[in-house]
Amino acid sequence: MSELTLAKPRAPRRPAARRSNSELYSWLFMRISGVALVVLVLGHLFIMNILDGGVHRINFGFVAGRWASPFWQMWDLAMLWLAQIHGGNGLRTVINDYARKDATRFWLKVLLYVSMVLIIALGSYVIFTFDPNITD
Amino acid sequence: MQFHKYDVVIIGAGGAGMRAAIESGQRARTAVLTKLYPTRSHTGAAQGGMCAALANVEEDNWEWHTFDTIKGGDYLVDQDAAEIMAKEAIDAVLDLEKMGLPFNRTPEGKIDQRRFGGHTRNHGEAAVRRACYAADRTGHMILQTLYQNCVKHGIEFFNEFYVLDICMTETEDGPVCTGAVAYELATGEIHVFQAKSVVFATGGFGKVFKTTSNAHTLTGDGMGIVFRKGLPLEDMEFYQFHPTGLAGLGILLTEGARGEGAILRNGSGERFMERYAPTIKDLAPRDIVARSMALEVLEGRGAGPNKDYVLLDCTHLGAEVLESKLPDITEFARTYLAVDPVTEPVPVYPTAHYAMGGIPTNVHGEVLRDNDNVVPGLYAAGECACVSVHGANRLGTNSLLDINVFGRRAGIAAAEYALSRDEHVELPENPAAQVEAQVALVLSEHGEERVADIRTELQATMDANASVYRTEDTLKTALHDVQALKERYQRITVQDKGKRFNTDLLEAVELGFLLELAEVLVVGALARKESRGGHAREDYPNRDDTNFMRHSMYYKQGDGLAADIRLDYKPVTFTRYQPMERKY
Amino acid sequence: MTATAEVSTGSRGNQPPVPDGAITVTVKVRRFNPEFDDEPRWDSFEIPALPSDRVLNLLHYVKWYLDGTLTFRRSCAHGICGSDAMRINGVNRLACKVLLKDLLASGGKPTTITIEPIKGLPVHKDLLVDMEPFFEAFKAVKPYLITYGNEPTRERVQSIADRERFDDTTKCILCAACTTSCPVYWTEGSYFGPAAIVNAHRFIFDSRDEGAEERLDILNDVDGVWRCRTTFNCTDACPRGIQVTKAIQEVKRALLFKRT
Amino acid sequence: MAGTTAPERAGTSKGGGTLYRGDLGMWSWVAHRITGVLTFFFLFAHVLDTALVRVSPDAYDKVIETYKNPIVNLFEVGLVGAVLYHALNGIRVMLVDFWEKGARYQKQMLWAVLGVWVLVMIPGTYYMMVRTVTDLLGGGH
């Protein structure tokens, strides 16, 4: 069957191009990462602070033991990235809400993004290059 | 002083003003001047519906609607105008629907309709479902929809610009309207708007009464301005009292409640309307119901500790009907009287509601300067105008209809008139002089009378002496009081002398209009020695078609507040319905 | 009490008779007239009033008998025109919909009512604020029926259920109580605010409307629905009982899942 | 595009005035913000201290010792409390976002959040503090 090419009489004429969805994605990311972080962070806190003597058993050896397992490496890596971006994005909205001047807003955000990148880079570097046999 | 030039200037942004603006704004350069924000207008308080013979739920036609309107108005209606209104009602409703108004729907998805007072099938046989409605906030929806469409069409509003005068230029062919003068509330600055046509849509003057459904801002400014210009006002003695105001407060409970089946009961629980209007009972026109209620109370059959009100019984309607079709009035009763209509009857008493009279116009909205001639360039529509489609008593829903039909007509006529003129007619010399003097006078120190005192006393005497029932004596008392108050008004003072949002000044100016219109109302009521529609004289209980089947026309003679009022008459237009006794 | 004590006693003639059953309450009003004042200040007035009085009655008492310069907007006085939104005892309310009996201090203690202008809009004078930014935001969401193609001769057909879908948001009276209760709106940002979204919702979910996509695009913006933090202040403030937050959430979900 | 962006409100927030007595939801949001920001700042410190494992076991152990200090231990309880509230309220917010009836039950859900928080924090605090307290009181073994 050949297709009719008549214009639909009530077809909407779409004005203007779709804008950016960035705020939508940022909002959605907060929810998804939030769910993941509930598990990751609460699990982490439970293990580190409550289970089996809590913080008192933690030392270099404990860390070494944990990061010997790729599972815990991945856990900590995911937690690092998600928490940084989740928190960074949260702080971005706080800055947006309360910064009075455009200049203030800009510089605060620069500071935020730079520190986020540094921390994520440092954290990832530490997790991947951890050497249990490091010597003084 | 600032100066503006437009084709059309519309004064007032309620239903009629915005309906006119939508038409005019698409044809000519239009400005809308309003002392409020448009969405604050009192059209938004209208509840029940807007009648049109759509015949969506039962057989109906616009001729029946015409007849009901004429009979409801006690035959003082100009029948050509009533025909136009009933005929154009159908398109008026459909237009609103197309503009987006969310009417309630029938199961088939058409606009739903319900019964309303005085609207009947086949010339009075039984109540008919004619009122198109959106729950009990039809007026709110109309106002919002019209405002939305004004936004859509980019209508230019001057919000919180209080028009205090219009400009009239004398020409060879008589006076022509050439503009308006407004006081900008935000700054205290005077603005002159030169225009080819001016449309008044300023609403009523219900604030002459104490117990009223009207907003604080309904002070008859437009009618007052026109009257002060020596132009006539028509049928001002006909003032409608809505039967069901919350007792003591005047807040409106829609007639739609009775349309949905609510019943009025007196102190002993009797459905007293069966005695006064055996056929359509609680759905009789408002004047009849209001008088019946007042009589019940006068004769000692009222309800409550002081037996000074009757009861609106909605309890048998059920919570679901109340919540879905009458949610707002249910809430009003709960909020303001702590009465829950679902379980107990609501105390009600007639409340001042609507001015049938106003600025006389023809069916195009053109303002009359006498019985035969119009003022070129001057238009009026809505409650401030008198076409006259309401005669001596307006039927419920016909006001929302009036603003849409005649608002539209006035908007079109004003724009087309403006487009037909190449040049603006020159403004009179010093167009703002009078307003400047008026404002300066109010702000100057010239007495110690308080605006609130005079207004309170005015409202008290009007409630006591010129409301549902009137006699020679009460009206004379009222006239005496009003004139004494007018004299005291010369010595008012306001505390706020500033320029920024001086609402103290605003209230003082408004009171001046109220006093003037109250006097016209009382003078007219005294002169009309008969009972007809909303005007009920105890001393002349019958309708007198021989002497009074005619419109009253009032002219201000001379200058100043204490000037005389000249009374004249204008014949009623008949087309096909001869006056009959009015029974329901 | 300082300068206000003089005013409170009434400088012009007698006060109106005090009705039976009246109680005296203190009304503390936030005053500011940029014409004369550098800073906002508090004024207190002692007012005899009945428990059934609305807060608007108290303000009228002040304006009419104590201090004529007190400035506020009002019109219908029964909650349908939306003129007199103000902050009463810390929350946004319509002055004509709050009764004194609901504000009385418990146990017969003296009652003080604080009244301030709504937050987040520039104060013009006393309780009267600049509404223009509010209405600009309203206009920006295209708050009118958008359709394409030819109009039908009769009414557009709409089922009862489709009509019901957007009933709640048609109640809006544009009083700004919701928008100016929103903590995000108070800050310097240019958030559209709840009222604008409510009015967009009213059309987005109207089965007759064909402009939903345009409005959703607008609300998808930096200043749109994603700035909503679901604090529910707007729902609490709405004098018409509109479930404002719910409406905003429905717009968010429309953007997320299907766009209407 | 002109006409479709919300207007700026210059000179709005006149200082003074009373605190807005908002809905419970507003206070839950205030708490959510505060706990979020605090946790984020802690995260900075925590990544830095953990990074010391790349320097030397000694350096790391030294820093970790401070975590075992009674005062810091108390802060840890606070941290857990903050994170737990942020997590629970975050779940509430998501239910408001995605559950049809979420908006209607937001207050009940807030009470549930606080209830769960208390129920978890009581044993949580006990386990986190028990060793520190016994050490402090000179008990042992």
Side-chain angles (χ1 to χ4, degrees), chain A residues 15-16 19 27-28 30-32 34-35 37-39 41-42 44-46 48-64 67 76 79-80 83-84 86-88 90-91 93-94 97 100 112 115-116 118-120 122-127 129-136, chain D residues 1 4 13 32-34 36-48 50-69 72-73 76-77 79-81 83-84 86-91 93-94 97-98 120 123-132 135:
Chain A
R19 283 144 212 261
W27 184 90
L28 199 59
M30 293 303 268
R31 270 79 196 152
I32 296 168
V35 172
L37 284 167
V38 166
V39 177
V41 175
L42 288 184
H44 176 82
L45 285 173
F46 184 67
M48 292 301 175
N49 286 318
I50 293 171
L51 212 63
D52 195 21
V55 74
H56 295 278
R57 73 185 195 283
I58 295 175
N59 55 28
F60 184 81
F62 182 84
V63 178
W67 281 350
D76 284 1
M79 190 164 65
L80 170 74
Q84 270 298 321
H86 183 99
L91 216 63
T93 62
V94 173
D97 279 356
R100 296 273 146 164
L112 173 70
S115 49
M116 275 168 67
L118 283 178
I119 291 290
I120 290 177
L122 175 67
S124 308
Y125 171 78
V126 169
I127 292 171
T129 64
F130 177 67
D131 172 12
N133 304 315
I134 196 171
T135 48
D136 291 65
Chain D
M1 202 167 91
T4 53
S13 307
H32 197 78
R33 258 206 172 168
I34 292 170
V37 170
L38 289 178
T39 308
F40 188 62
F41 286 140
F42 168 76
L43 186 59
F44 271 88
H46 189 48
V47 170
L48 290 176
T50 306
L52 291 175
V53 294
R54 282 295 293 140
V55 179
S56 76
D58 264 4
Y60 180 73
D61 285 348
K62 229 176 258 167
V63 169
I64 280 299
E65 268 318 298
T66 60
Y67 278 85
K68 298 167 187 173
N69 170 301
V72 179
N73 197 225
E76 282 165 54
V77 176
L79 175 75
V80 170
V83 171
L84 183 63
H86 197 84
L88 291 171
N89 193 53
I91 293 168
V93 168
M94 278 183 265
D97 288 334
F98 295 111
V120 173
T125 311
Y126 173 79
Y127 284 116
M128 288 171 73
M129 299 294 289
V130 62
R131 171 113 175 244
T132 309
D135 282 358

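Bear in mind that the values here come from a model prediction, so they are computed numbers and not experimental data. Every chain is numbered from 1 and lettered A, B, ... according to where its sequence line falls, protein lines coming before strand lines.
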Check your understanding: So how far is it from A:I119 CD1 to D:L43 CG, rounded to the nearest 0.5 Å?
Key -> 7.5 Å
Review point. So which of D:Y67, D:Y126, D:Y60 has the largest heavy-atom pair count under 4.5 angstrom toward chain A?
Key: D:Y60
Review point. With a 4.5 Å limit on heavy-atom distance, are the side chains of D:L79 and A:L45 in contact?
Key: yes
Practice item. State, yes or no, whether a side-chain contact exists between D:L48 and A:L122 at a heavy-atom distance under 4.5 Å. Key: yes
Review point. Chain A heavy atoms under 4.5 Å from D:T39: which part of the residue, side chain, backbone, both or neither?
Key: neither
Check your understanding: What residues, two or more places apart in sequence or in another chain, satisfy side-chain contact (heavy atoms from CB on, under 4.5 Å) together with D:M128?
Key -> A:N49, A:I50, D:E76, D:V77, D:V80
Practice item. For A:I32, check side-chain contact (heavy atoms from CB on, under 4.5 Å) against everything at least two apart and list the hits. Key: A:L28
Check your understanding: With a 4.5 angstrom heavy-atom cut-off, which part of A:L91 approaches chain D: side chain, backbone, both or neither?
Key -> side chain
**Study point:** Shortest non-hydrogen separation from A:V38 to D:A87 and the atoms involved
**Key:** CG2-CB, 3.9 Å
Check your understanding: Is any side-chain heavy atom of D:F40 less than 4.5 Å from a side-chain heavy atom of A:V94?
Key -> no
Point to revise | Side-chain heavy atoms of A:T93 within contact of D:R33, under 4.5 Å | key: yes
Review point. If you count heavy-atom pairs under 4.5 Å between each of D:G36, D:A51, D:G90 and chain A, which one has the most?
Key: D:A51
Point to revise | Part of D:L84 within contact of chain A (heavy atom distance under 4.5 Å) | key: both
Review point. Is any side-chain heavy atom of D:D61 less than 4.5 Å from a side-chain heavy atom of A:F62?
Key: no
Check your understanding: Side chains of D:R54 and A:D131: closer than 4.5 Å at any heavy-atom pair?
Key -> yes
Point to revise | Distance-minimising heavy-atom pair for D:K68 and A:I58 | key: NZ-O, 2.7 Å
**Study point:** Proximal component of D:V130, with respect to chain A [non-hydrogen, under 4.5 Å]
**Key:** neither
Point to revise | Between A:G88, A:G123, A:G34, the one whose heavy-atom pairs under 4.5 Å with chain D are most numerous | key: A:G88
Exercise for review: Look up atom CG in A:L80 and atom NE2 in D:H46, then write down how far apart they are to the nearest 0.5 Å.
Suggested key: 10.0 Å
Check your understanding: How far does CG of D:D58 sit from CZ of A:F60, to the nearest 0.5 angstrom?
Key -> 9.5 Å
